Amino acid sequence: MIVIIGSGLSGSLLALRLAALPKPPEFRLLESESTAAGNHTWSFHQTDIVSSSFSWLSPLIEKTWPTQEVRFQQFTRKLDIPYHSITSERLAKQVIEKLGDRFLPNHKVVSIKRDSVELESGLSLPATLIFDARGESLATNQTCGYQNFVGLDLELESEHHLTAPIIMDADCEQKKGYRFFYLLPWSSTRILIEDTRYVDDSAIDSNEFESEIKSYCARRDWKIKQIKRKEMGSLPIPFWVQKLKPANTVSIPIGVRGGFFHLTTGYSFSHTLKLVEAIAERFLGSAAGAPDAIVKTVDRQRAAVFRQNHYFALLNRMLFLAATPEQRFQIFERFYKMKPALISKFYAGEFRTKERLRLLAGRPPVSVTKALLSLVGLGGPPKLEKSIK
């Protein structure tokens, strides 16, 4: 039997993908809490994924918009790139409906052995394959910045008149780093607004962020009727690609825990989906579900992500080391003046050499000397935290 530990994004996607196979293998999805998927919103661009995934992925999508928008002090730009969002509530509902008794909430894992998972209740669950999807596992000596955010899901008293998401509204005060508001209009009066900041530490003053979101609404003459939901988080933005041990048949880390995330955006959806599809393919054919073949598949997928992430780690060093906190917005402002195809490839994490060179071409909007030092990893890191809270 296959055991998947953790029902966050990666664990739930893998379980739902296996359940959608013509001949699903026997598996269980374990969750330490009483419900699946936590309290998050996951979004992705249409260009992040292959169209074949939509047959089983579409029921998870809460909302789709045909366009998206970015705003900076110098310009506003509309991008004709479809954008999709998945909510925890909808993902949890699909897990319950599609998995049935294969989903086991309130099952906390205390240890993993070669052929079993030991639970806090004292039970031992036998397993031929174990996928560990319990979230971040960044080394404590890893130097990084952070993407901190607090989001409020709001019901407004009147219409907001937005027809598309605003991925970045950076026409605002830049506080201790690159800062923008992120808006998802669920309906004519309901909207998710996140205050997001690329900063040097993971500390979040939740009340201060919430106050800023309310001030943002006031500036736009939006009166808040009700706060439906609140979410917050701190995503690591590493300066270097962390070396991880190869996967093994004792426990296979997936999602963020396995390094399957975009080092600059902090998002894991596109990388996780590609991994899930690759794993699902290994359950087709005569050698369906062979553990060694699955381990090799995971390692190949992770190697591909790591090759791309070396470049994104370089961009992170430029963002945090070459720019003063108040200048960081200029790097994203310059980026969003580029062609939509390049923007799409950036988010999908599929840069080839020519795209990498194109992104770095020309004079950088920061100190040239510091930019050059950051590219080769010189100049020393700023005084950032080295652990994730």
Side-chain angles (χ1 to χ4, degrees), residues 4 6-17 19-20 29 31-46 48-49 53-68 81-99 103 105 133 135-136 147-156 160 162-168 181-196 206 209-210 213 217 224-235 255-256 261-262 265-273 276 347:
I4 305 168
S7 69
L9 179 67
S10 58
S12 292
L13 286 183
L14 178 57
L16 290 169
R17 185 65 185 96
L29 174 63
E31 172 54 52
S32 61
E33 303 295 331
S34 59
T35 58
N39 178 33
H40 304 282
T41 302
W42 298 280
S43 298
F44 61 98
H45 301 78
Q46 178 77 37
D48 289 348
I49 67 173
S53 296
F54 264 89
S55 60
W56 66 273
L57 191 62
S58 57
L60 310 181
I61 298 173
E62 182 72 31
K63 182 81 173 180
T64 294
W65 300 268
T67 63
Q68 54 187 278
I81 303 173
Y83 197 70
H84 310 274
S85 289
I86 295 173
T87 61
S88 288
E89 183 179 10
R90 192 177 185 92
L91 181 57
K93 183 179 179 181
Q94 289 295 310
V95 165
I96 293 171
E97 290 181 359
K98 299 289 177 62
L99 302 189
F103 172 56
E136 61 195 28
Q147 183 194 138
N148 295 342
F149 65 90
V150 172
L152 298 181
D153 205 334
L154 304 171
E155 182 68 39
L156 304 178
H160 49 65
L162 293 182
T163 58
I166 301 177
I167 306 306
M168 292 181 179
F181 288 90
Y182 172 81
L183 294 83
L184 296 179
W186 301 120
S187 70
S188 61
T189 57
R190 186 168 177 177
I191 186 169
L192 172 66
I193 304 178
E194 289 185 357
D195 185 346
T196 303
S206 176
F209 274 71
E210 185 171 335
I213 294 172
C217 289
I224 299 172
K225 182 178 181 179
Q226 182 183 6
I227 298 176
K228 309 285 286 188
R229 188 177 63 88
K230 179 178 179 178
E231 63 180 83
M232 61 186 292
S234 182
L235 304 178
V256 174
F261 68 100
H262 192 301
T265 66
Y267 297 154
S268 61
F269 188 90
S270 62
H271 291 319
T272 294
L273 186 62
V276 164
Y347 279 104

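None of the values given here were measured: they were computed from a predicted structure.
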Is it true that a side-chain atom of [X] and a backbone atom of [Y] form a donor plus acceptor pair closer than 3.5 Å?
X	Y	value
Q147	T196	no
H160	S187	yes
R17	L57	no
E31	E33	yes
S234	N148	no

Under 4.5 Å between any side-chain heavy atoms of [X] and [Y], yes or no?
X	Y	answer
F209	L152	no
I61	F44	yes
P185	T163	no
S7	V95	no
D153	W186	yes
L192	L154	no

(request) Using side-chain hydrogen bond (donor to acceptor under 3.5 Å, both in side chains) as the criterion, point out the one residue from N39, T87, T41 that pairs with E231. (result)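 Of the listed residues N39, T87, T41, the side-chain hydrogen bond (donor to acceptor under 3.5 Å, both in side chains) partner of E231 is T41.
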Return the minimal non-hydrogen interatomic distance between [X] and [Y], and the atom names on each side.
X	Y	answer
H271	H262	CD2-N, 3.6 Å
F103	T35	CZ-C, 4.2 Å
A37	S88	O-OG, 2.9 Å
L13	F269	CD1-CE1, 4.1 Å
A92	A36	CB-O, 3.5 Å
L235	G266	CD1-O, 3.8 Å

(message) Run H40 and L91 through side-chain contact (heavy atoms from CB on, under 4.5 Å) and show every step you take.
(response) CA-CA 10 Å; H40 304 282; L91 181 57; over 6 Å; no
(request) Give a yes or no on this: more than 12 heavy atoms of other residues, nucleotides or ligands lie within 6.0 Å of atom CD of E89. (result)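 Not buried by this count: 12 neighbours or fewer within 6.0 Å.
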(message) How about NZ on K230, more than 12 heavy atoms from neighbouring residues, nucleotides or ligands closer than 6.0 Å, or not?
(response) yes
(request) Classify the ring geometry between Y83 and Y182 as parallel (under 30°), tilted (30 to 60°) or perpendicular (over 60°). (result)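 Rings of Y83 and Y182: perpendicular, over 60°.
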Between atom [atom1] of [X] and atom [atom2] of [Y], what is the distance when rounded to the nearest 0.5 Å?
X	Y	atom1	atom2	answer
R190	R229	CZ	CZ	7.5 Å
H45	H84	NE2	NE2	10.0 Å
E194	F181	CD	CZ	11.0 Å
L156	Q226	CG	CD	11.0 Å
T189	E155	OG1	CD	3.5 Å
I4	L16	CD1	CG	9.0 Å

(request) I would like to know whether R90 and L60 meet side-chain contact (heavy atoms from CB on, under 4.5 Å); could you show each step before the answer? (result) CA-CA 6 Å; R90 192 177 185 92; L60 310 181; 5.6 Å; no
(request) Output, in order, the C-alpha distance, side-chain angles, deciding distance and verdict of side-chain contact (heavy atoms from CB on, under 4.5 Å) for L29 and S12. (result) CA-CA 8 Å; L29 174 63; S12 292; 4.3 Å; yes
